[in-house]
Amino acid sequence: MERKRPPPDTTALRGAHEKLLDAAATPGLGEAADGGWDADRILAHLLSADAATSTVALGVVAGSRPTFDNRIFLDAWNSERIIVEHPGRADLLEHVRRQAAVLCDITDQLGEEAAEVLVPTILLSNDALALDQPIPLASLISGLAENHVPAHTRQLLALRTAATAPEDAAELADGQRHPR
């Protein structure tokens, strides 16, 4: 008989989010050198991803058959909507922190059976299909801690070295978004 894995331990997920939030709180984050996402877009993406994962986990606990599809949190319109809803980087950071805590709290309540439920999953990365198959809910959550959040932390850290004008750095230090 196959032994079931225990629900994911949220220690790694909490730690990954703390590192990300520390990186995002660094003053003077500039634009991505390659024209990629700025810090606000990365934070909006994470907020959406964590909320979607929480929704899936709650759906599994409720007995529904949720799916996970990351296309909504790759959507520029959705990210901009999230950014506009927050009056500054500090507010956006706090919302990401709260949403990560919600996800971890839900994950802490998962039983073995719920953690093993297969969730039909579609993941895109760089406009290419990365995954289109059911995966255990525990793997979906663990993937955030092991891959997703650390990758975006590295993105944020790369923005620290991006060149910013002194007035932009001061503006970012106050938690205000610079003009796009």
Side-chain angles (χ1 to χ4, degrees), residues 13-14 16-60 62 64 66-107 119-132 137 140-141 143-145 147-160 162 164 168-180:
L13 186 58
R14 289 179 196 277
H17 276 93
E18 283 305 314
K19 288 177 185 173
L20 177 121
L21 292 165
D22 287 346
T26 302
L29 296 177
E31 298 293 329
D34 63 359
W37 293 353
D38 66 7
D40 289 347
R41 177 82 191 265
I42 293 166
L43 292 171
H45 168 78
L46 285 160
L47 178 60
S48 185
D50 286 351
T53 307
S54 297
T55 300
V56 168
L58 288 172
V60 166
S64 67
T67 61
F68 187 84
D69 184 340
N70 76 338
R71 289 177 286 190
I72 190 64
F73 37 96
L74 295 174
D75 181 72
W77 179 89
N78 186 52
S79 294
E80 189 60 29
R81 177 194 59 80
I82 292 169
I83 292 166
V84 168
E85 287 178 3
H86 297 85
R89 171 92 36 86
D91 188 54
L92 185 56
L93 274 167
E94 183 54 31
H95 196 165
V96 172
R97 182 180 309 283
R98 287 190 319 264
Q99 189 57 58
V102 167
L103 173 59
C104 289
D105 290 347
I106 292 167
T107 301
V119 176
T121 302
I122 295 175
L123 298 177
L124 271 64
S125 180
N126 295 316
D127 296 324
L129 184 63
L131 181 73
D132 184 4
L137 176 58
L140 180 65
I141 295 168
L144 294 175
N147 299 312
H148 189 249
V149 177
H152 290 302
T153 301
R154 289 188 296 275
Q155 265 186 302
L156 286 165
L157 292 173
L159 295 176
R160 282 193 317 193
T164 56
D168 287 343
E171 197 172 279
L172 288 169
D174 292 335
Q176 301 298 313
R177 272 187 289 299
H178 55 84
R180 296 193 194 280

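Excluded from the calculations below are hydrogen atoms, water molecules and symmetry mates; all remaining heavy atoms, backbone and side chain alike, are included.
- With values rounded to the nearest 0.5 angstrom, E94 atom CD is found 9.0 Å from L21 atom CG.
- Here the side chain of T67 pairs no donor or acceptor atom with the backbone of P120 at under 3.5 angstrom.
- Considering all non-hydrogen atoms of both residues, S125 and A130 come closest at CB-CB, 4.3 Å.
- What you find for S48 and N78 is that their closest heavy atoms are OG-ND2, 3.4 Å.
- What you find for F73 and W37 is that their closest heavy atoms are O-CH2, 4.5 Å.
- Taking CG from L131 and CG from L123, the interatomic distance works out to 5.0 Å, rounded to the nearest 0.5 Å.
- Looking at H17, Q99, H95, R98 one by one, the single match for side-chain hydrogen bond (donor to acceptor under 3.5 Å, both in side chains) with D50 turns out to be H17.
- Note: L156 CG to L46 CG = 7.5 Å, rounded to the nearest 0.5 Å.
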The test is salt bridge (charged side-chain N to carboxylate O under 4.0 Å, His left out); show your working for R41 and E80 and say whether it passes.
CA-CA 7 Å; R41 177 82 191 265; E80 189 60 29; over 6 Å; no

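- Between R71 and I122, the shortest heavy-atom contact is NH2-CD1, 3.7 Å.
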Could you walk me through whether E85 and R81 pass salt bridge (charged side-chain N to carboxylate O under 4.0 Å, His left out), step by step?
CA-CA 6 Å; E85 287 178 3; R81 177 194 59 80; 2.8 Å; yes

Between E31 and L159, is the side-chain contact (heavy atoms from CB on, under 4.5 Å) condition met? List the steps.
CA-CA 6 Å; E31 298 293 329; L159 295 176; 5.8 Å; no

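- Taking CG from L124 and CG from L129, the interatomic distance works out to 5.5 Å, rounded to the nearest 0.5 Å.
- Side-chain atoms of D91 do not come within 3.5 Å of backbone N or O of H86 as any donor-acceptor pair.
- If you take CG on L144 and CG on L103, they are separated by 6.5 Å, rounding to the nearest 0.5 Å.
- In this structure, T121 contributes its side chain and V119 its backbone to a donor-acceptor pair below 3.5 Å.
- Heavy-atom minimum distance, L93 versus A24: CD2-CB, 3.4 Å.
- Side-chain atoms of D34 come within 3.5 Å of backbone atoms of G36 as a donor-acceptor pair (strictly under, hydrogens ignored).
- A tilted orientation is assigned to the rings of H148 and H45, their planes being inclined by 30° to 60°.
- Side-chain contact between L157 and T26 is absent, with no heavy atoms from C-beta onward closer than 4.5 Å.
- To the nearest 0.5 Å, atoms CD1 (I83) and CG (L43) are separated by 8.5 Å.
- In terms of heavy-atom proximity, L92 sits nearest to A44 at CD2-N, 4.4 Å.
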